[in-house]
Amino acid sequence: MIDRPTESTLTLTLPDGSQRTVPAGTLPSDVVKSIGERLLQAAVAVEVNGAIQDLVTPLRASGTFRVLTDRDAPALDVLRHSAAHILATAVRRVRPDAKIGFGPAIDEGFYYDFEVAESFTPEDLSAFENEMRKVTAEKYPFVREEVSRAEAQQRFVDDPLKLERLSELGEDEIISTYTDGPFVDLCRGPHVPDTSRLKHFKLTHTAGAYWRGDSKRQMLQRIYGTAFFKKEDLDAYLTRIEEAKKRDHRVVGRQLDLFMMHPSSPGAVFWTERGTAVYNALNDFIRERQRDDFHEIKTPLLYNKDLWEISGHWGKYRENMFLVLDKETGEHDFSLKPMNCPSHYLLYQSKKHSYRELPLRYVTFDVLHRNELTGALSGLTRVRQFQQDDCHVFLREDQIKDEVHFLLRFILSYYETFGLTSNLKFATRPAVRVGTDDMWDRAESSLKAALEATGMKYELKEGDGAFYGPKIDFDVTDSIGRPWQLGTIQLDYSNPERFDLSYVGEDNASHRPVVIHRAVSGSLERFIAILIEHFAGAFPVWLAPEQVRILPITDDYRAYAEQVTKRLYDAGLRVHLDARAETLKYRVAEGARMKVPYMIVVGKREAEQGTVAVNVRGAGEKQKPNAVPLEEFLSRILEEHRTRALTLSAHARAAEA
RNA sequence: GCUGACGUAGCUCAAUUGGCAGAGCACCUGAUUUGUAAUCAGGCGGUUGCCAGUUCGAUUCUGGCCGUCAGCUCCA
């Protein structure tokens, strides 16, 4: 909402510290023009007191004043929002029946929602794109008007979606419209000066989207697109999308023969021998990491509904649970567990606990089932059957700060092993919640103190916490910059009540513990999907499904190759002998395609000297393999495996080490 | 679940205005025994996702179902 003017004369402070005094209601474009005519040509929008506005919205308050050009990041959103209007302008020309919804800028571009009788086709999309080019060529200025409610209702009489939005605007809000040529939209702006500012754009895809994001309401047709100031940026974006497609875990998973899906079990994964090797390597790593400070337990997969009634899932999430028929009652009174929490509580409360045992950390890697909507399933990233590295910590309230600090460090160092960096998000009390304000104050300040002790930056997400407590989420960024929400640390004051959890304190009285829910990988399935894409299939040795492939040049050296293979295999490595009667070229090419970290070629020289000629992944087609004594290679690769090194170095000669 | 698109050999893709379904790779056989990123030849391989309907005839058109994908919604 924009403030009504309260001053008659405004004082603007420019970035260089100089000041300008202008009458209230002056347009920013006039101020910019007074600074310089050329600046006006380059100006996209202005930042007044930290808020972005366009050049044609009257100034209403004194404060800092900064001109934004295409070099300023916030200007891109302005351009994209204008691109959405230009899209709507084009769509209205080609399909006059289209009713308009919303058209905002988003992270990677923009979209606009339309209500149409017939859905858009790919041909429509290219027609719209062509029409958009005409609109930009026509160089319509974006004309802002501030209008009365009655006037606005008149203008959008044919657009019911806009009228609905209009009816929600408060009495004292300024109602503004923006017009570019033939198209007028109810919009608060800001916009670029005219349609010719949009030069480099592309419509990418269409999809259905519920009006107001409400699945009970009608579905609109959404058109997505993107726009940039510079052609290089648009090209780079499109290239990045192509690259991302190449390393899509579903594509790489097939190429590397890691897993498959089958219609007989939608949303569940068949891991091949190679994929299972990756899965197990990851599992071993997680177990090893948690051997010292955690207690690994296993609990049943199937529970009767009594448990879910206590936990509250029966009422709220039954639709998403796999129910199992009970022969005795004839009802679907059993369910596969969709999460481990309640089973951990049951085990915890099966005996008395001393305050001395706390914090007590239960961790479980069991298989979980959630009956996700068919439309939500996607590769390994959204499945119905998965494994979580699920941990619940039972602790005293005064231990929260130290415990959160411990868990934070644990999770961050875990991601580091993979070369993944993460962003922290701190989510505070939501509007609908349980517990007293006093309790939330304590919980939030404990979490915050632990967060700040790390010295890391974090994003505050107010009101985004779980209903039972605040939380810290970990967004991991992969090698091409895409964010994934993985780990979480959630404080829970509600379930200890529901399950009547207790411990005996120093005072010999019964006390209520606090529970912390912690996940690191999220689901292992999804984590592996992220790793596949992060490494583009080129796993470090410790994760690689096949660590070494041995290629004898001819059958004459097969015996030596078998000897080498056995030596490496007996040392615990995942090795494979490829002694097929194919040419060496062919076998090398295939090994490279399968992204095997090391390929050992053995022939006369190696057999005579007891060495191996080591090809290393990523060194290219013309590499000159190093001849390394077998035992030296072995001890190096074992070290690389043991330390879970991210880079390959076992092929190096001793002299180079 | 909703909107839309898609489903052809193990994989990647052709073809069919409704009339005998094809290639490359993979696989099998044979030859080749190869010092570093696909050796040659031959062969196998398909109820064109499933079930109905229309038709002399359906892989093609229509409907339903299943699955996949892009989004929306959801994600304890």
Side-chain angles (χ1 to χ4, degrees), chain A residues 111 113 116 118-122 124-125 204-224 245 248 250-251 254-255 257 260-267 308 311-321 337-342 368 370-379 381-384 386 388 390 466-468 485 488 490 492 494-495 517 519 522-523 526 551-558 579-594 599-606 613-615 617 619-625 627:
Chain A
Y111 68 77
D113 286 342
V116 283
E118 305 255 316
S119 298
F120 299 133
T121 65
D124 288 332
L125 216 58
T204 51
H205 56 286
T206 62
Y210 297 110
W211 170 234
R212 309 309 290 270
D214 183 347
S215 60
K216 291 182 186 67
R217 305 201 61 176
Q218 75 265 44
M219 187 155 266
L220 309 179
Q221 294 298 309
R222 176 171 296 177
I223 299 177
Y224 285 93
K245 273 186 196 159
D248 184 317
R250 291 164 299 198
V251 174
R254 186 179 298 116
Q255 285 167 351
D257 188 28
M260 71 143 190
M261 312 291 263
H262 194 277
S264 289
S265 187
W308 308 118
S311 70
H313 290 93
W314 194 254
K316 212 171 167 188
Y317 292 106
R318 187 173 29 182
E319 296 292 302
N320 289 325
M321 304 206 300
K337 65 178 170 187
M339 29 106 82
N340 295 302
C341 324
L368 303 177
R370 294 182 184 180
N371 198 355
E372 304 288 358
L373 293 174
T374 51
L377 300 177
S378 177
T381 54
R382 193 73 184 275
V383 289
R384 285 182 173 153
F386 58 97
Q388 247 184 9
D390 204 3
F467 72 91
Y468 47 72
Q485 208 244 292
T488 188
Q490 305 181 358
D492 184 350
S494 167
N495 278 303
H517 303 248
S523 90
R526 194 167 65 125
L551 314 175
I553 289 171
T554 72
D555 266 350
D556 293 342
Y557 312 105
R558 189 182 180 124
R580 289 176 297 172
E582 301 287 350
T583 60
L584 184 60
K585 275 177 184 291
Y586 178 88
R587 287 176 289 152
V588 167
E590 191 185 84
R593 250 196 336 268
M594 297 304 281
M599 268 187 287
I600 284 176
V601 173
V602 294
K604 187 158 182 280
R605 289 199 295 271
E606 289 75 20
V614 186
N615 292 263
R617 183 185 64 207
E621 299 189 7
K622 297 290 174 243
Q623 65 177 287
K624 297 269 185 290

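It should be emphasised that the depicted structure is a prediction, and the values quoted were computed from it without experimental measurement. Chain letters run A, B, ... following the sequence lines, proteins first, then strands; residues in each count from 1. Computed over heavy atoms, backbone and side chain alike; hydrogens, waters and symmetry mates excluded.
Here the separation of B/A76 from B/G67, taken at their C1' atoms, is 27 Å to the nearest Å. Using C1' as the reference atom, B/U17 and B/U73 are 41 Å apart when rounded to the nearest Å. Using atom C1' as the reference point in both B/A9 and B/U47, the two lie 13 Å apart (nearest Å). Rounded to the nearest Å, the gap between the P atom of B/C27 and that of B/C20 is 32 Å. Between B/G71 and B/U59, the two C1' atoms lie 30 Å apart (nearest whole Å). Spacing of C1' atoms, B/G42 relative to B/U32, comes out at 15 Å, to the nearest Å. Taking atom P on both nucleotides, B/U33 is separated from B/C40 by 15 Å, rounded to a whole Å. When the P atom is used for both B/U60 and B/C6, the distance is 14 Å, rounded to whole Å.
Residues A/Leu368 and A/Pro338 are not in side-chain contact: their nearest non-hydrogen atoms beyond the backbone lie 4.5 Å or more apart. By the 4.5 Å heavy-atom criterion applied to side chains, A/Arg254 and A/Met260 are not counted as neighbours. Counting heavy atoms from C-beta on, the side chains of A/Val601 and A/Leu584 come closer than 4.5 Å. Within the 4.5 Å cutoff, the side chain of A/Tyr468 has heavy atoms near those of the A/Gln490 side chain. Contact annotation: the side chain of A/Leu377 approaches that of A/Arg384 to within less than 4.5 Å [non-hydrogen atoms, C-beta and beyond]. Put simply, the side chain of A/Lys216 does not reach to within 4.5 Å of the side chain of A/Tyr210, judged on heavy atoms.
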Review point. Checking side chain to side chain contact (heavy atoms under 4.5 Å, CB included) for the pair A/Asp492/A/His517: CA distance, chi angles, key distance, verdict?
Key: CA-CA 7 Å; A/Asp492 184 350; A/His517 303 248; 2.8 Å; yes
**Study point:** Chi angles and distances behind the side chain to side chain contact (heavy atoms under 4.5 Å, CB included) call for A/Ile600, A/Val602
**Key:** CA-CA 6 Å; A/Ile600 284 176; A/Val602 294; 3.7 Å; yes
Exercise for review: Please assess A/Arg370 against A/Met339 for the test side chain to side chain contact (heavy atoms under 4.5 Å, CB included), listing each intermediate value before the final yes or no.
Suggested key: CA-CA 9 Å; A/Arg370 294 182 184 180; A/Met339 29 106 82; 3.8 Å; yes
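Taking the six-membered ring for Trp and thresholds of 30 and 60 degrees, A/Trp308 and A/His313 have ring planes more than 60 degrees apart, a perpendicular arrangement.
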Between the protein and nucleotides 37-41 of chain B, which nitrogen or oxygen pairs are less than 3.5 angstrom apart?
| unit_1 | atom_1 | unit_2 | atom_2 | d |
| --- | --- | --- | --- | --- |
| B/A37 | OP1 | A/Lys585 | NZ | 2.8 |
| B/A37 | OP2 | A/Glu621 | O | 3.1 |
| B/A37 | O2' | A/Glu621 | OE1 | 2.9 |
| B/A37 | O2' | A/Glu621 | OE2 | 3.0 |
| B/A37 | N6 | A/Gly620 | O | 2.9 |
| B/A37 | N6 | A/Gln623 | NE2 | 3.2 |
| B/A38 | N6 | A/Arg593 | NH1 | 3.1 |
| B/A38 | N1 | A/Arg593 | NH1 | 3.1 |
| B/U39 | OP1 | A/Thr583 | OG1 | 3.4 |
| B/U39 | O4 | A/Glu582 | OE1 | 3.3 |

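A/Ala613 comes within contact range of at least one nucleobase, with a heavy-atom separation under 4.0 Å. Among the protein residues, A/Lys604 comes within range of the nucleic acid bases, having at least one heavy atom under 4.0 Å from a base atom.
With rounding to whole Å, A/Met594 atom CE is found 14 Å from B/C25 atom C1'. The CZ atom of A/Arg217 sits 17 Å away from the P atom of B/U3 (whole-angstrom rounding). B/U36 atom P lies 12 Å from atom CD of A/Glu606, rounded to whole Å. To the nearest angstrom, C1' of B/U32 lies 12 Å from CG of A/Asp555. In this entry the distance linking CG of A/Leu551 with P of B/U33 reads 19 Å, nearest Å.
Interatomic distance, A/Ser378 OG to A/Arg526 CZ, rounded to the nearest 0.5 Å: 11.0 Å.
Judged by distance alone, the side chains of A/Asn340 and A/Asp390 do bring a donor and an acceptor atom under 3.5 Å apart.
Figure legend: cation-pi geometry between A/Arg222 and A/Tyr111, with NZ or CZ positioned under 6.0 Å from the six-membered ring centre and within 45° of its axis.
The residues A/Asp214 and A/Arg212 are annotated as not salt-bridged, no charged nitrogen and carboxylate oxygen being separated by less than 4.0 angstrom. We find that A/Arg580 and A/Glu590 are joined by a salt bridge, their nearest charged nitrogen and carboxylate oxygen being less than 4.0 Å apart.
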Exercise for review: Let me have a per-nucleotide readout for nucleotides 67-76 of chain B, 5' to 3', with B, S or -, counting only protein heavy atoms under 4.0 Å.
Suggested key: S-SSBBBBBB
Review point. Taking protein heavy atoms under 4.0 Å as touching, what does nucleotides 42-49 of chain B look like 5' to 3' if B marks base contact, S marks sugar-phosphate-only contact and - marks none?
Key: --------
Check your understanding: What string of B, S and - do you get for nucleotides 5-11 of chain B, 5' to 3', when a contact is any protein heavy atom under 4.0 Å?
Key -> ------S
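Panel note: side chain A/Asn615, backbone A/Met599; a donor-acceptor pair is recorded below 3.5 Å.
Evaluation of the ring-ring contact (aromatic ring centres under 6.0 Å, His included) rule for A/Tyr557 yields no partner, not counting sequence neighbours.
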Study note, to complete from the structure: Secondary structure of RNA chain B per the Watson-Crick/G-U criterion (both distances under 3.5 Å; [ ] crossing, | other strand, . unpaired) is (((((((..((((.....[..)))).(((((.......))))).....(((((..]....))))))))))))....
